[in-house]
Amino acid sequence: MTATEARTSPGPGTRRPLRAGPPAKARLRRAATPWLFLAPALLLFLYFKFIPMVQAVRMSFEEVRPFLGNTYVGGANYAEIAGSSDFGAAVWHTVVLAMATTAGSIVLGLALALLLEGQTRSLWFVRSAIFLPVVTAMAVVAEVWRVMYYPAEGGALNSVLSVFGLGPSEFLNSPDSSLASIAFVGVWRGAPYDMMIFLAGLAGVDRVLYEASAVDGASRFRRIWHVTLPGLRPVFAILLTLAAIRGLRIFTEVFLLTNGGPDGSTEVLLTLTYKLGLERNELGVAAAGTVLLFLVLLVLTVASRLRRREAR
């Protein structure tokens, strides 16, 4: 070691000087920059979503009397809507629709994803065509299905049923088939969305496992059962939560196709609260119904998140 190196190199007992971090202003500016970009959207959410949510919770404890002043009634609104027979039927219809649309959209979405998986250039067109129901306005979708569900023998679906010696069916006009008809529309519209998430999940499945199972002589069905489905377990957890929430919040399809009829056979929770609030002017009772639905969705979301955390 030279004399110069001996003078410049620190000894074993000396500490090297710590590098100074960025100044406080720079750190504050770096942390505040994303929030500045998010500020316009957050203000819109605050004004149009969060403030109305707080007001709805407050209204659920009041008898709402426009222009006369609200009166605090405590839990009377919750007791009234929970003890209503219409509420019980609406909850049952909502749960049935949620379960049917969730199961149907996931099964059909997985089948479509398995059929359309690959890197072929022409697949983008097929995927885009299948995804169209998701981005199409629900008003347009409802009108198209209303025409297809035309109950006469010359209707589109009844003409297909007649080929197999079935029908004609009244579809939306019959209490026996109206709920199933709406569930079919929900599956048709939700399956492409689930398909895209499944395609993203399939891209993460290890291809070496497919090759190893093929070498071992496993059939295509066994490869799907023992390789694909276990690899898609996190995707199933996410989709079950999203589809269940989407099913419990169903409103537009029912409102546009049947408006809860015939004879209340398709009345769901949101159409019931809509009628209570805007047709019967019972805004406090309607607010109580929406708060109950919010609590159910909150519990479902938190439970799903905790379950995924335990799985990790």
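Here the structure is a predicted model, which means the values were calculated and not measured.
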Under 3.5 Å, is there a donor-acceptor pair between the side chain of Thr94 and the main chain of Leu269?
yes

Tabulate below the donor-acceptor pairs under 3.5 Å that side-chain atoms of residues 174-183 make, not counting sequence neighbours, or state none.
unit_1	atom_1	unit_2	atom_2	d
Ser174	OG	Asp176	N	3.3
Ser177	OG	Phe171	N	3.4
Ser177	OG	Phe171	O	2.7
Ser178	OG	Ser174	O	3.2
Ser178	OG	Ser265	OG	3.0
Ser181	OG	Ser177	O	2.7

Taking the side chain as every heavy atom from C-beta outward, state whether Leu232 and Leu110 have any atom pair closer than 4.5 Å.
yes

Over 12 foreign heavy atoms within 6.0 Å of CD, Glu153:
no

Angle between ring planes, Trp145 versus Phe184, binned at 30° and 60°: parallel, tilted or perpendicular?
perpendicular

Quick check: does any side chain N or O of Thr271 sit under 3.5 Å from a backbone N or O of Asn259, one acting as donor and the other as acceptor?
no

Taking Thr71's backbone N and O only, do any of them form a donor-acceptor pair with Arg65's side chain (distance below 3.5 Å, no angle check)?
no

Kindly say whether Met99 contributes a backbone atom to a donor-acceptor pair with the side chain of Thr102 at under 3.5 angstrom?
no

Could you check whether any side-chain heavy atom of Val160 comes within less than 4.5 Å of a side-chain heavy atom of Met148, counting everything from C-beta outward?
no

If we ignore hydrogens and angles and just use 3.5 Å, is the side chain of Asn77 paired with the main-chain N or O of Ala286 as donor and acceptor?
no

Can Phe50 be reached from Tyr47 by stepping across I, L, V, M, F, W or Y side chains whose heavy atoms are under 4.5 Å apart?
no

Strictly distance-based, threshold 3.5 Å: is any side-chain N or O of Ser84 a donor or acceptor partner for the main-chain N or O of Ile81?
no

Side-chain heavy atoms under 4.5 angstrom apart, residues restricted to Ile, Leu, Val, Met, Phe, Trp, Tyr: same cluster for Leu38 and Ile51?
no

Short side-chain to backbone donor-acceptor contact, His93 and Glu267, under 3.5 Å:
yes

So Tyr150 and Asn158, do their side chains get closer than 4.5 Å, heavy atoms only?
no

Relative to the ring of Tyr274, is the ring of Phe255 parallel (under 30°), tilted (30 to 60°) or perpendicular (over 60°)?
perpendicular

Shared hydrophobic cluster for Phe294 and Phe48 (ILVMFWY, side-chain gaps under 4.5 Å)
no

If you measure from the Lys or Arg side-chain nitrogens to the Asp or Glu carboxylate oxygens, is any gap between Arg246 and Asp194 under 4.0 Å?
yes

May I ask you to decide if Gly261's main-chain N or O and Thr266's side chain share a donor-acceptor pair within less than 3.5 Å?
yes

Same apolar cluster (I L V M F W Y, side chains within < 4.5 Å links), Leu295/Ile250:
yes

Determine, using the 4.5 Å side-chain heavy-atom cutoff (strictly less than), whether Trp188 and Val147 are members of one ILVMFWY cluster.
no

